[in-house]
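Okay, so here's the structure we're looking at.
These numbers come from the heavy atoms of this one structure, side chains and all, not from hydrogens, waters or symmetry mates. Numbering of ligands and ligand atoms starts at 1, following listing order.
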Amino acid sequence: MPSDSDQQPVLVPILGDQLTRTLASLRGRTKGDTVILMAEMWDEATYVKHHKQKIVLIFSAMRHFAKELREDGWDVDYVELIDEDNAHSFTGEVARAIERHSPREVKVVEAGEWRLNQAIAEWPDKFDCDVEILPDDRYLCPIADFRSWAEDRDHLTMEHFYREMRKRTGLLMQDNGKPTGGEWNYDKQNRRPPKDDMDPPNRPLFEPDEITRECIALVEDKFADHFGSLDRFGWPVTRRQAEKAADAFFKERIEKFGPYQDAMVHGEDDLFHSMLSTSLNLGLLDPMELCERADQAYRDEKAPLNSVEGFIRQILGWREYIRGFYWYNMPHLQKANALNAQRSLPEFYWTGETDMRCLADCIRSTRDNAHAHHIQRLMVLGNFALLAGINPREVQDWYLVVYADAYEWVELPNVSAMILYADGGKLATKPYAASGNYINKMSDYCKECTYSPSKKTGEGACPFNPLYWYFMNRHRDRLESNHRIGRIYANWDRMGDDRQKEYLDSAEEFLATLKPSGPEYARYEDTDQSMDAA
Ligand code: FAD
Ligand code: DLZ
Ligand code: SF4
């Protein structure tokens, strides 16, 4: 005879970025014995004012995933945002579902973000049933393994981590334990500036179906004041669509992905990038499957080694490293501000209204697509925020709001540690600071800009030029002893007082023209300059 508790189901809550059939909490479960809970939650939709495309993407992908599970015979309890009793929070929704279903156990996979995991950690005391919290094994490096790797190291060099991961997974490895092709890294072949005849193909855009159109209407109604345009919404919202997007990348773009990884062209929003981060982060694509596919493409001679290695390094290396770094440094990473940057985020990050053509184009792409590619996020938008000394909390909020692939676990280390050096140099060995020269070399932006990259100070000078020296001068005490950047101060000293003053005055004059964004745009809290000691 089955006991009462055997007849009670297991409740499996699934978050909006856990849309994977093989999720640890679903593995081994039987359909008649399980209730899956999915909920559109006000707290998640509004803890920052996400880009409209990001909310549509997540709601539509959640609704499609629930539909597929139901069609497959699973019992899915789906709470829509507009349901009258919507509890707003994850814990609130699970509490209500426990009342409805009286489960014998709640089985949940840990959340991607620290704040939600804090809430989940309270469930065993809060709820009157068993609670099992499972690690998210969709990632290739468990959090505990990253911790063991990171402990006792002064510098968490990504390249060292990446080599360990190559050995561990066998990706791009020869039988003798050496890397395929003899080198670990082909980055030197991956810095080609753009060419006129590059001719990048269009990525597939997926026409919104009825479910997506309903989500678009919902977002236009409830989140009308959020940043971004919905006109070009075409993100994959199902695994099938995500696989089609991956097929297109492997067929049409991987060959040139490597060489043009750092190139930027006005109005060319995708170039040869995979555009797969939204699908990876939602759980529609599996990172190991993508890496294996790239490895196979090389072995089948369908893609060159520098492109394949570059792509695998982004996913097996950077993506996993960034996630490990996040959990290793939370929660203090959120408030880190080692360079004591206090300036408010300029309003143009929201409006795109600036004469700096590079920034205007990156912000336009961000608004239209909820996407910008890596080098735009790093060397244009990020470089400006670093040089101008923008407060890390405001920059974090901006990046978390504006990109459809943004979740704190991936956004925060990239923003705080990679672009702003706010962690005092744990992630990056030197700040990614650059003058207009770098952008001029890697893009076609400067050709038609109001400013000139070759003019260093005064009227018409590219603002990145004086800002670069303004930054270097401001942080001399910290950076002069850095072996990767310290030698630059000899150039500064050679300029002499008058020239130095011209640079500093030019920078200050430019900074005085920046209008700060108003409080309506995002949340804002105090920062902490003690990250060095953390
Ligand atoms: P591709 O250029 O095709 O690269 C392939 C994949 O590699 C990406 O899909 C992504 O999953 C992974 N990847 C590459 N670089 C990184 C990286 N630095 N960190 C983590 N994964 C990486 N990526 C996000 O997914 N979410 C974010 O919120 C995010 N914020 C960023 C903020 C800043 C300041 C910077 C510099 C980078 C950020 N990135 C973020 C990383 C990177 O810019 C995006 O992953 C990439 O632009 C997505 O486009 P794609 O899929 O075409 O990438
Ligand atoms: C980002 C997001 C948004 C906008 N909305 C929801 C939602 O309504 N329901 C949900 O389950 N998840 C949502 N998410 C994703 C969560 O914020 C994400 O799971 C956490 O940030 C952890 O990574
Ligand atoms: Fe950007 Fe300076 Fe080039 Fe203008 S001149 S596009 S501001 S780098």
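- Every heavy atom of Arg323 sits 4.0 Å or more from the atoms of ligand 1.
- The single protein non-hydrogen atom nearest to atom 20 (C) of ligand 2 is Leu116 CD1, 3.6 Å, given as residue, atom name and distance.
- Of all the heavy atoms of Met418, the ones lying under 4.0 Å from any atom of ligand 1 belong exclusively to the side chain.
- The shortest contact between atom 15 (C) of ligand 2 and any protein heavy atom is with Tyr407 CE2, 4.2 Å.
- For the atom pair Cys291 SG and Leu316 CG, the distance stands at 5.5 Å (nearest 0.5 Å).
- For a distance threshold of 2.8 Å, the protein N, O or S atoms nearer than that to atom 1 (Fe) of ligand 3, listed by chain and number, are Cys358 SG.
- Less than 4.0 angstrom separates some heavy atom of Ile419 from each of these atoms of ligand 1: 34 (C).
- Proximity of Thr278 to ligand 1, defined as any heavy-atom pair under 4.0 Å, is not found for any part of the residue.
- Looking at Ala39 next to ligand 2, an N or O pair under 3.5 Å apart turns up.
- Against a heavy-atom cut-off of under 4.0 Å, Met275 is close to the following atoms of ligand 1: 50 (P), 51 (O), 52 (O).
- A distance below 6.0 Å separates the ring centres of Phe90 and Trp123.
- Ile58 CD1, 3.2 Å is the protein heavy atom nearest to atom 1 (C) of ligand 2.
- Contact between Phe257 and ligand 1 is present, with at least one heavy atom of the residue lying under 4.0 Å from the ligand.
- The residue Met38 has no part lying near ligand 2, judged by heavy-atom distances below 4.0 Å.
- Trp350 and Phe227 have their aromatic ring centers within a separation under 6.0 angstrom.
- Under the side-chain hydrogen bond (donor to acceptor under 3.5 Å, both in side chains) criterion, Arg166 pairs with Tyr162, not counting sequence neighbours.
- At a threshold of 4.5 Å between non-hydrogen side-chain atoms, the residues Arg63 and Glu214 count as touching.
- Heavy-atom proximity to Asn281, at under 4.0 Å, picks out these atoms of ligand 1: 24 (C), 25 (O), 26 (N).
- The aromatic rings of Phe223 and Trp42 sit tilted relative to each other, their planes meeting at an angle between 30° and 60°.
- Heavy-atom proximity to Val410, at under 4.0 Å, picks out these atoms of ligand 1: 20 (C), 23 (N), 24 (C), 25 (O), 26 (N), 27 (C), 28 (O), 40 (C).
- Arg293 has no carboxylate O lying under 4.0 Å from a charged side-chain N of Glu289, or vice versa, which leaves the two without a salt bridge.
- Between Asp17 and Arg138 there is no salt bridge, since none of the side-chain N atoms of the basic residue sits less than 4.0 Å from a carboxylate O of the acidic one.
- Closest to atom 6 (C) of ligand 2 among all protein heavy atoms lies Glu44 CB, 3.4 Å.
- Residues Asn369 and Arg232 bring a donor and an acceptor atom of their side chains to less than 3.5 Å of each other.
- Between Glu113 and ligand 2, at least one N/O pair is under 3.5 Å apart.
- Ring centroids of Phe146 and Phe161 are separated by less than 6.0 Å, placing the two rings close together.
- Contacts between Phe59 and ligand 2 below 4.0 angstrom, taking non-hydrogen atoms only, involve the side chain exclusively.
- Numbered from 1 in the order shown, with element, the atoms of ligand 1 that lie under 4.0 Å from a heavy atom of Ile322 read 19 (N).
- Looking at Asp269 and Arg364, a side-chain N of the basic residue comes within less than 4.0 Å of a carboxylate O on the acidic one, giving a salt bridge.
- If you check which protein heavy atom lies closest to atom 8 (O) of ligand 2, you get Met41 N, 2.7 Å.
- Aromatic rings of Trp409 and Phe325 (six-membered ring for Trp) have centroids beyond the 6.0 Å cut-off, not under it.
- Using a 4.0 Å cut-off between heavy atoms, Leu81 makes no contact with ligand 2 at all.
- For ligand 2 and Arg115, the ligand atoms under 4.0 Å from any heavy atom of the residue are 17 (O), 21 (O).
- Remark: minimum distance from atom 11 (O) of ligand 2 to any protein heavy atom is reached at Gly16 N, 2.9 Å.
- Atoms of ligand 2 lying under 4.0 Å from at least one heavy atom of Leu15, given by number and element, are 11 (O), 19 (O).
- Between Arg191 and Asp187, at least one side-chain nitrogen of the basic residue sits less than 4.0 Å from a carboxylate oxygen of the acidic one, meeting the salt-bridge criterion.
- Taking a cut-off of under 4.0 Å to the non-hydrogen atoms of Ala45, the atoms of ligand 2 that pass are 4 (C).
- Atom 13 (N) of ligand 1 has as its closest protein heavy atom Gln314 O, 3.6 Å.
- Screening Leu26, Asp137, Asp136 for a side-chain contact (heavy atoms from CB on, under 4.5 Å) involving Val109 leaves a single residue, Asp136.
- Here Lys302 does not pair with Glu255 in a salt bridge; the nearest charged N to carboxylate O distance is not below 4.0 Å.
- Contact annotation for Ala372 and ligand 1: only backbone heavy atoms (N, CA, C, O) come within less than 4.0 Å of the ligand.
- Looking at Tyr403 against ligand 1, nothing comes within 4.0 Å, counting heavy atoms.
- Annotation: Phe257 is in aromatic contact with Phe311 [ring centroid separation under 6.0 Å].
- When only non-hydrogen protein atoms are considered, atom 23 (O) of ligand 2 lies nearest to Asp17 OD2, 2.6 Å.
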With side chain to side chain contact (heavy atoms under 4.5 Å, CB included) as the criterion, how do Leu280 and Ile315 come out once you've worked through the C-alpha distance, each side chain's angles and the decisive distance to 0.1 Å? CA-CA 10 Å; Leu280 268 168; Ile315 294 181; 4.0 Å; yes
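- Looking at Arg239 and Asp286, no side-chain N of the basic residue comes within less than 4.0 Å of a carboxylate O on the acidic one, giving no salt bridge.
- Partner of Met41 under the side-chain contact (heavy atoms from CB on, under 4.5 Å) criterion, out of Leu15, Leu81, Val79: Leu15 alone.
- Contacts between Asp405 and ligand 1, counted as non-hydrogen atom pairs separated by less than 4.0 Å, involve both the backbone and the side chain.
- Contacts of Glu408 with ligand 2, taken as heavy-atom pairs under 4.0 Å, are absent altogether.
- Atoms of ligand 2 found under 4.0 Å from any heavy atom of His50 (numbered from 1 in listed order, with element): 4 (C).
- Salt-bridge annotation for Glu44 and Arg115: present, with a side-chain N of the basic residue lying under 4.0 Å from a carboxylate O of the acidic one.
- Under a 4.0 Å N-O distance rule, the pair Glu252/Lys244 does not qualify as a salt bridge.
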